Amino acid sequence: MVEIDTERCKGCGLCVEACPRKILALSTEFNKAGHHPAVLLDPDRCIYCLACARLCPDLAITISKEAETV
Amino acid sequence: MVEIDTERCKGCGLCVEACPRKILALSTEFNKAGHHPAVLLDPDRCIYCLACARLCPDLAITISKEAETV
Amino acid sequence: MKTNDTVIRFTGIGGQGILFAGKMLAEAALSAGIHPCFAPSYGAEKRGGPSECTVILSHGELPSPCASRSQAAVVMNGASFLREEQRLAGGGIIVVNSSVCGDLKLSRADLSLFPVPASELAEKLKNDRVANVVITGALAELLGAHLGIQLSQEHLVEGLKRTLAGKGDLMAVNTEALTCGQEYARSLASQ
Amino acid sequence: MKTNDTVIRFTGIGGQGILFAGKMLAEAALSAGIHPCFAPSYGAEKRGGPSECTVILSHGELPSPCASRSQAAVVMNGASFLREEQRLAGGGIIVVNSSVCGDLKLSRADLSLFPVPASELAEKLKNDRVANVVITGALAELLGAHLGIQLSQEHLVEGLKRTLAGKGDLMAVNTEALTCGQEYARSLASQ
Amino acid sequence: MAVLFSRPQSLTDTPFRYCPGCHHGLAHRLVAEALDELNLREKAVGIASVGCSVYTNEFFNCDTQQAAHGRAPAVATAVKRARPECFVFTYQGDGDLASIGMAETIHAAARGENISIIFINNACYGMTGGQMAPTTLPEQKTTTSPLGREAAREGNPVDMMKLLDALEGPAYLSRVVLTSPGKQAAAKKSILRAFRAQMKGLGFSLVEILSACPSNWRMTPVEALHYVDEVMAKYYPPGEVRVAKEVLEG
Amino acid sequence: MAVLFSRPQSLTDTPFRYCPGCHHGLAHRLVAEALDELNLREKAVGIASVGCSVYTNEFFNCDTQQAAHGRAPAVATAVKRARPECFVFTYQGDGDLASIGMAETIHAAARGENISIIFINNACYGMTGGQMAPTTLPEQKTTTSPLGREAAREGNPVDMMKLLDALEGPAYLSRVVLTSPGKQAAAKKSILRAFRAQMKGLGFSLVEILSACPSNWRMTPVEALHYVDEVMAKYYPPGEVRVAKEVLEG
Amino acid sequence: MKDQVELVSGNRAVASGALDAGCRMYFGYPITPQTEIAEYMSAVLPEMNGVFLQAESELAAINMVYGAAGAGRRVMTTSSSPGISLMMEGLSYLATAELPCVIVNVMRGGPGLGNIAPAQGDYFQAVKGGGHGDYRTPVLAPWSVQEIYDLTRTAFDLADRWRNPVFILFDGLLGTMMEPLRTREPIPERAAPSWATTGIFAHGANDRAPRSIYTLHMPEGALTEVNRRLQAKYREIAREEVRYDEHFTGDAEILVVAYGSVARSALQAVRVARQQGRKVGLFRPVSLWPFPEEALHALSEKVRKILVAEMSSGQMLEDVRLAAAPSCKIDFLGAMGGELIYPGTILSRLQEE
Amino acid sequence: MKDQVELVSGNRAVASGALDAGCRMYFGYPITPQTEIAEYMSAVLPEMNGVFLQAESELAAINMVYGAAGAGRRVMTTSSSPGISLMMEGLSYLATAELPCVIVNVMRGGPGLGNIAPAQGDYFQAVKGGGHGDYRTPVLAPWSVQEIYDLTRTAFDLADRWRNPVFILFDGLLGTMMEPLRTREPIPERAAPSWATTGIFAHGANDRAPRSIYTLHMPEGALTEVNRRLQAKYREIAREEVRYDEHFTGDAEILVVAYGSVARSALQAVRVARQQGRKVGLFRPVSLWPFPEEALHALSEKVRKILVAEMSSGQMLEDVRLAAAPSCKIDFLGAMGGELIYPGTILSRLQEE
Ligand SMILES: Cc1ncc(C[n+]2csc(CCOP(=O)(O)OP(=O)(O)O)c2C)c(N)n1
Ligand SMILES: Cc1ncc(C[n+]2csc(CCOP(=O)(O)OP(=O)(O)O)c2C)c(N)n1
Ligand code: SF4
Ligand code: SF4
Ligand code: SF4
Ligand code: SF4
Ligand code: SF4
Ligand code: SF4
Ligand SMILES: [Mg+2]
Ligand SMILES: [Mg+2]
């Protein structure tokens, strides 16, 4: 599960750039600080490569997975 | 002619050490500042190599020679 | 403290062009022969923090750049509404960017609130970065109507020009934004 | 200015052991129960410049380390003779290293001059670096005779020991030098 | 649920104050992960410097001191000598470390002080608004080199890796980038090695991180990310420069 | 009578204040001869530093400024930029240049300032009485390294040639000794090259002179002379380290 | 003709004042809230054949100022509180070598790293001397963008006239705020003074003796002599360069003493109080050193009370206490750490009476 | 037992005082006339498992003091005038972070490089604050080798008691001269204070929150709050830590005010004047900050005249003027650039009456 803390997110887009599956995008909505936070468009296509989380300068992304499938 | 300005001389002995003919020595006398100045023992054996003057940190040695012999 | 100066506060967050708006108003005032004093205040963060500036318009004498009370406030972001409301002197006006701040209510009866959907108006001009100029246009209009500060279109355009200094290609859209704001304010008055 | 303190100035040039001599006297005084104050003064050059120190012996109270007048002077190098002569208070004594300074004459009648051929005496001890101790020995003797400051042989040796601190092997020759100076001074007195 | 990626223990929960896309955040995370992995958090004293990272003390979940501009290596030297049992690292920008703090940096390195330095090279003064730094690239425009840096006027860039490698004191020196997960892995390895150098008492260690400052570079975060790889890393080649053999042992 | 050896024009007649056998005097003469030979005296501005050579301004027969301890390169930078038509050189000790003035030295070199530095390395602080300098040799005893310099406590010596050679700015770098007429000839050549580098506008030049301090080394002048050759020059090898090719041209 | 009115910041006014005074050399290091000065200089000086150099530190900057001033150029550096502290050794050297130069401190909240808000906590440092030894520097304290420009020009003249560093001291609010500025005719840089180290050859006939700029004075009595000469100069400056400004002081019974931006708040408060019929006035020191002692003393004999308003814990307060007549009561209104002093706050204090 | 009397210099007394107070960390840079302190420390500290480090500069030294003090160790640096000027930024940081430490200035002739003779020209710098912002440091001014030792020990206690840097200020004459010194029982170093950054693990249960030493206070009002707390502390110090010394003041009509070695000349002059039947006394501030205002004020109401004697152009003079009753005449006897003030000179001034 790729969780994006939309209030921590600053809409930099580095995760979007990093995702090999291109399943991330910036929202058109604003968060409280006035940024367009990242959103996961298609969770099912996620390959859990962690690239998005690793490229997020604001540690806005947490990734976890069902235990049995790890 | 090797002229030693005995008042400038601080008796460091570097000229004595440098002279290839070993014709320099420190005087047993004191100069005004309380140093034993260098003296030229045997001017005739001087080969005008300038080593003494070049090693003198206090520029106490001036060397000149009859023009015709230069 | 009551003086002859008119204090106008612009507030918002970094990136909304708050300082530009204040400076433009000050330049316009200067070209109109009013002595302006423009005082920015910055936070430490480079971006995204609160942004604020004060423009003081005075007649002839050196005003204090420290003004606790204001006669007019421009609020580009809801967060500072309450504070600005408190800082306004009686009879003051508060112009808010209603596109961002939504529906705000005054808690004081001695003030007048003017909601201007500046961001929406700006988007209509196909440039959402000129919301600050739209709202400044509206403000200028309201200053004339309510606080006796007359800034003609000519002076406002001159203010824009000086503030844009060098970036000439932006004149057109900004002038449009200015007019749009002025017109919106006039429409409010006639409502 | 008259006080109860005894001010002794040591002067010479760098390398003559002026500071050592002063410090040794101060240490001797301390072991004799007198409050000493030893104040060196240095030039900027590392070597060869003038060297000077002042020892003030007082009884109980904190003396001023700045003393313009002295009661005794030790002159290791002729250059400072005139100056020290002037700085002495009436009744003062001046001890000169006659081996280096040659024949000096007092221009004041209220002083006493004691020439001590310290360098020659030191050379006789086969160590020309102890001239400073020789002359200090002589001084100590004269301080007792003329200024009422009694420093016993024991205290002087103790002073030497503390000043040499660590360099124990030099004790013998220095003690000899001390005695030699004391004896010479006694011989002057009996002349 | 198995957590595959989350915040390291050595970071507090405080959101970073950096601009969107700023690599300071990435660097913080890697440093914190290294502290976690080596179990250093409880013995660590981090020295913050003056620059965008001046608030570092709010972000690292360990004891910290905030040093005057440029003086972090001197402060760290003293902390380490005062408490040799502590793990001491500094976190400094390029203006801080390579301009005003040059003497303190060189001397701590020359002495071989047993401290670790995380050096964020973003080729400008971030906090004060993008002025030229010693590391600013040739021709790079900044607010105090508006015509573009030119050797004849503003001088040549300083390559701290080369400079420090000329000293005997350092036990570990490495330059890294954080622009992809793979490069981050290499960076992490460097940080771990630097930290291990201190743990083994081998002396001075420093990791230079080429870092994006989108705000002052006037680029989007993504453009800035690519600029690090395509321009900066060409001029300042990443890689290990000094590895005392004891760093690798045991 | 032909004068074969006499005082250069660029020295005043003032006797040096240095200790017997101190190499500062030798260095002064060579610098003055170089100024004479290149006809630079009248356009020269010499920058004295704080150390035994603080009185340099009394000895060089040209305009001079006395800089604060360590800051001569900053002062020289400004003088040169203020008066580009002048010839600007500094004369600095190792405490001055390599300890307190490290930042100014490195930055002037990195910027490639068009100045020349005469750097007197006597492995100690002469003027203040022989304390340890960054250049003090391993195991050397000084008044502040009474147990002998030890890397673990006092750190490693700093080799300024290596350090400066890690920068792009310098056009000319050389290390020399003055212990014999032959070595002085080589030293003179280095000084002339350094000065020519500035005259040609090539940038930063520096000549390091390994220099005896008999007083603080507690040696006779002759012992100290040999110590330079036999011990110092082994640790700090003399020779040219950087010669921009334009220095040799024309 | 440069007779146009422009809306510029105090920082820009410093730069313009310096340029118009013929200053073509600037050395500095970035620090908020005055980096704009350096940025502006970096853009314009190269075009004017001048020298802009970002120094590696404030320490280097002040020593670059020493070199350039010694070489006879008009030169300036600017910084803010912590950066100015790093210049204290260099400043003492500049004062001793009697080198004319201008140093601007756009004060921010202290002590320590503090913050970047306006403050007046560096008064002691500038006025009493933060460096070692007995030296003094004239300290000018403008209160508007226009006066920043004017006094910057004056500062260069004072520096030359007295062969002395001159400080300009104001808070970050004045530095960053914009007001209309009317500049005056720029002048070219003056020629190198007769003591400057320009190289002997710069002197037509090439016959002059070498010149030296130095601050070490070892021979016995030499440094005492230097100090006597400096003190004599300082006494002369103290006589001739006192600057101050008075408002409504004629019949005032209460006098506000304030400088810089605080004086603007004070003036506004005084105006309002006057409208309320209160006999209050404003005394504004413009030169903080020399402090307008006599003028203030004279006034203090006429008023009942003095209110010192200052964005510090009470630094100028000491100079006011030293200057004022013993009979005069002195009150203090302070603010620290970036807190502002508003006209209203001063007014309430005036109304307490 | 360390109850022996030894003949040592003032510099040595600083070192012994620090060591006996449990100080085991020393950072410094050579400068005449106090290098002896560093040299002594370099010889003894390694044996005591302490840390001696010759810093690359005074700038580095003061920041090393920051690090060590922040880590909870007793720490000292020493220097002389120009070197102290380089510490001004660091000092302001230390004061803001409230780090206890001891800084010794063995003053020499200034300004500039000056010379190496004794002087008191750094009073303003130490007492008013040479660094930026509103901070204060207690300043202790011993007048004998014994008192140097005693006050050095006191300084460490004050530093800890108030969490503040403490200055010890005396001239080079006191530093280099030797007098008998009776040392007292040495104490071991105190434990790390509860705020020190010792690493979390140092705390038994390993459960404490991270600690931070910092001086940046950006949130609105935060720095103001810090300043208020500091000022409150300074007021308390000013109440509790006043130190001074009086001699023959009981019935004095003329009062000499002097500190440090000058007070010794003054005492001698006063003694002689008393022998001559003159009613003169000596007031000696021992803490220069807090200045003994009240005590001096009280005396100033009784005496006819005060003579301030000081090896400067008149720095402490200002504090005397601030403290003294308006009725009291104040005369000044100064000396600069390494000139000494002799008892005789003071005596003549006392005899002029
Ligand atoms: C003595 C001093 N000078 C200047 C400053 C202002 N200042 C704050 S941060 C900074 C530059 C920081 O640049 P860098 O170290 O590269 O860090 P970055 O912000 O780029 O991460 C400067 C000059 C200061 N705080 N103190
Ligand atoms: C700021 C400052 N710190 C310290 C000093 C004291 N000081 C004078 S000379 C000197 C060292 C000089 O050593 P070096 O540069 O090696 O020159 P040398 O005397 O050996 O030729 C020092 C530390 C000073 N004058 N100023
Ligand atoms: S874990 Fe990988 S695939 Fe999944 S969203 Fe993140 S970057 Fe894309
Ligand atoms: S990288 Fe992080 S901060 Fe940037 S857009 Fe993605 S989630 Fe948001
Ligand atoms: S010139 Fe040569 S041979 Fe003659 S004295 Fe000098 S060193 Fe000896
Ligand atoms: S080298 Fe010079 S100073 Fe030394 S002994 Fe010879 S003449 Fe004298
Ligand atoms: S200014 Fe640059 S370095 Fe600083 S936080 Fe923003 S992006 Fe990062
Ligand atoms: S101390 Fe050393 S460097 Fe200084 S003059 Fe003496 S010998 Fe030369
Ligand atoms: Mg940076
Ligand atoms: Mg040296």
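Just so you know, these numbers come straight off a predicted model, no measurement behind them. Protein chains get the first letters and strands the later ones, always in sequence-line order, with residue 1 at the start of each. Any value given below was found using the heavy atoms of this structure, including those in side chains, with hydrogens, waters and symmetry copies removed.
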Legend entry - Check: G:F170 and G:V104 side chains under 4.5 Å, non-hydrogen atoms: yes
So, the part of G:L7 with a heavy atom under 4.5 Å from chain C: the answer is both
Sorted by chain and residue number, the ring pair (Phe, Tyr, Trp, His ring centres under 6.0 Å) partners of G:F283 (sequence neighbours excluded) come out as G:Y244
Applying ring pair (Phe, Tyr, Trp, His ring centres under 6.0 Å) to G:F52 and not counting sequence neighbours gives G:Y26
Are C:P117 and C:Y184 side-chain neighbours, meaning at least one heavy-atom pair lies under 4.5 Å?
yes
One option among C:A39, C:P65, C:A26 has the most heavy-atom pairs under 4.5 Å with chain G, and it is C:P65
Applying a strict 4.5 Å limit to non-hydrogen atoms, the region of G:E6 in contact with chain C is backbone
Turns out that what part of C:L62 lies under 4.5 Å from chain G's heavy atoms comes down to both
Per side chain to side chain contact (heavy atoms under 4.5 Å, CB included), G:L282 is matched among G:Q268, G:H247, G:E246 by G:H247
When the 4.5 angstrom heavy-atom criterion is applied to G:L174 and chain C, the contacting part is neither
